[in-house]
Participant: 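My questions will all concern the structure given below.
No hydrogens, no waters, no symmetry mates; every other heavy atom, side chains included, goes into these values.
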Amino acid sequence: MTVVLSLVEVSKTFKQDSRSLPVLDKITLDVGEEFVAILGPSGCGKTTLLRIIAGLEKPDSGKVVLHKQDARVGFIFQFPTLLPWLTVLDNVALPLRANGMSWSEARERAKKYLSLVGLQTFEDFFPKELSGGMKQRVNIARALAVEPTILLMDEPFSNLDPLTAESLRSEILDLWSLGVTTVRAIIMVTHSVDEAIFMADRLVILTPRPAKIAGIVEVSIPRPRDRRSPEFQKLEDKVYELIAA
């Protein structure tokens, strides 16, 4: 396996006044060119770990190693964080502009990724004119437009209606499997065991905080995966056992 990212004994404690809350305890993990889902009890530190990988939080000890020198990280947040006064096109172009790209170049690349998520005819719309699913598609296009090596997703479908969520899961998997983006690894935080097994190649299950790795489950079921199959149900049982242990 070609390793894209390594977590080496990553620990984190939140401190406020005289109180401290240990969240992560020496998390060590190698991530290759694969789709990894992180699961665990609510409040165990899944999102904190994702934010540390993104560089949005600093670990108290340990380190995150990107094995490709020019590796970039894209982040799809749980809620679409779109600027209401910018058009869809300019919302996607803005991070590129912030990285020094000219507006013309940034908009050209933004058009490419809006097309990939099926929003090429909505470039001149404003966020208030979009449905929740469309806003999340803009969020996805913006994360992909920075042409990341590693794509991080923090419960990206949890605030969508079931049909829209299912459609977006399939679209993400299509983009991933077809290799039409620069993404080489995806790491997704989710509370849904079903979603994790449906989408990921490996499941990393965390214990209650301070979180350690309770187990890693390989998902070898060929895609597209049938949730009703005995293999799928067996994996679900195994993951629930690890979460409840």
Participant: For S6, give me all partners under side-chain hydrogen bond (donor to acceptor under 3.5 Å, both in side chains), at least two apart in sequence or on another chain.
Facilitator: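 For S6, the residues satisfying side-chain hydrogen bond (donor to acceptor under 3.5 Å, both in side chains) (neighbours in sequence not counted) are D30, H67.
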Participant: Taking ring pair (Phe, Tyr, Trp, His ring centres under 6.0 Å) as the test, write out the residues that go with F198, two or more places apart.
Facilitator: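 Residues passing ring pair (Phe, Tyr, Trp, His ring centres under 6.0 Å) with F198: none at all.
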Participant: What do the steps show when you test V4 against E33 for side chain to side chain contact (heavy atoms under 4.5 Å, CB included), and what is the final call?
Facilitator: CA-CA 6 Å; V4 176; E33 294 184 348; 3.7 Å; yes
Participant: Does T13 form a side chain to side chain contact (heavy atoms under 4.5 Å, CB included) with K15? I'd like the steps, not just the answer.
Facilitator: CA-CA 6 Å; T13 296; K15 297 177 182 178; 4.2 Å; yes
Participant: Could you check whether any side-chain N or O of T87 sits under 3.5 Å from a backbone N or O of F125, counting only pairs where one atom can act as donor and the other as acceptor?
Facilitator: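 A pair under 3.5 Å: no.
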Participant: Does CZ in R107 sit with more than 12 non-hydrogen atoms of other residues, nucleotides or ligands closer than 6.0 Å?
Facilitator: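 More than 12 heavy atoms, drawn from other residues, nucleotides or ligands, come within 6.0 Å of this atom.
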Participant: Quickly, which of L152, T47, V36 forms a side chain to side chain contact (heavy atoms under 4.5 Å, CB included) with V189? Name it, please.
Facilitator: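 Output: one option passes, namely T47.
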Participant: Assess whether salt bridge (charged side-chain N to carboxylate O under 4.0 Å, His left out) is satisfied between R223 and D201, documenting all intermediate values.
Facilitator: CA-CA 10 Å; R223 294 186 179 97; D201 301 306; 3.0 Å; yes
Participant: I'd like to check the salt bridge (Lys or Arg N to Asp or Glu O under 4.0 Å) partners of K212; sequence neighbours left out, ordered by chain and number.
Facilitator: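 Result, salt bridge (Lys or Arg N to Asp or Glu O under 4.0 Å) vs K212: D25.
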Participant: Assess the residue pair E147 and R109 against the criterion (salt bridge (charged side-chain N to carboxylate O under 4.0 Å, His left out)); give the C-alpha distance rounded to whole Å, side-chain angles, the decisive distance to 0.1 Å, and a yes or no.
Facilitator: CA-CA 10 Å; E147 300 195 336; R109 187 187 289 184; 3.8 Å; yes
Participant: Applying ring pair (Phe, Tyr, Trp, His ring centres under 6.0 Å), name anything that partners F14, two or more places apart in sequence or on another chain.
Facilitator: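 With neighbours one apart ignored, the set is empty.
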Participant: Going by salt bridge (Lys or Arg N to Asp or Glu O under 4.0 Å), name the residues that satisfy it together with D154, two or more places apart in sequence or in a different chain.
Facilitator: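 With sequence neighbours excluded, D154 shows a salt bridge (Lys or Arg N to Asp or Glu O under 4.0 Å) to no residue whatsoever.
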Participant: Is there a donor in the side chain of E195 and an acceptor in the side chain of T190, or the other way round, less than 3.5 Å apart?
Facilitator: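 A pair is found: one side chain offers a donor N or O, the other an acceptor, under 3.5 Å apart.
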Participant: Which donor-acceptor pairs under 3.5 Å do the side chains of residues 74-81 make with protein atoms, sequence neighbours left out?
Facilitator:
unit_1	atom_1	unit_2	atom_2	d
Q78	NE2	S158	OG	3.1
T81	OG1	R142	NH2	2.8

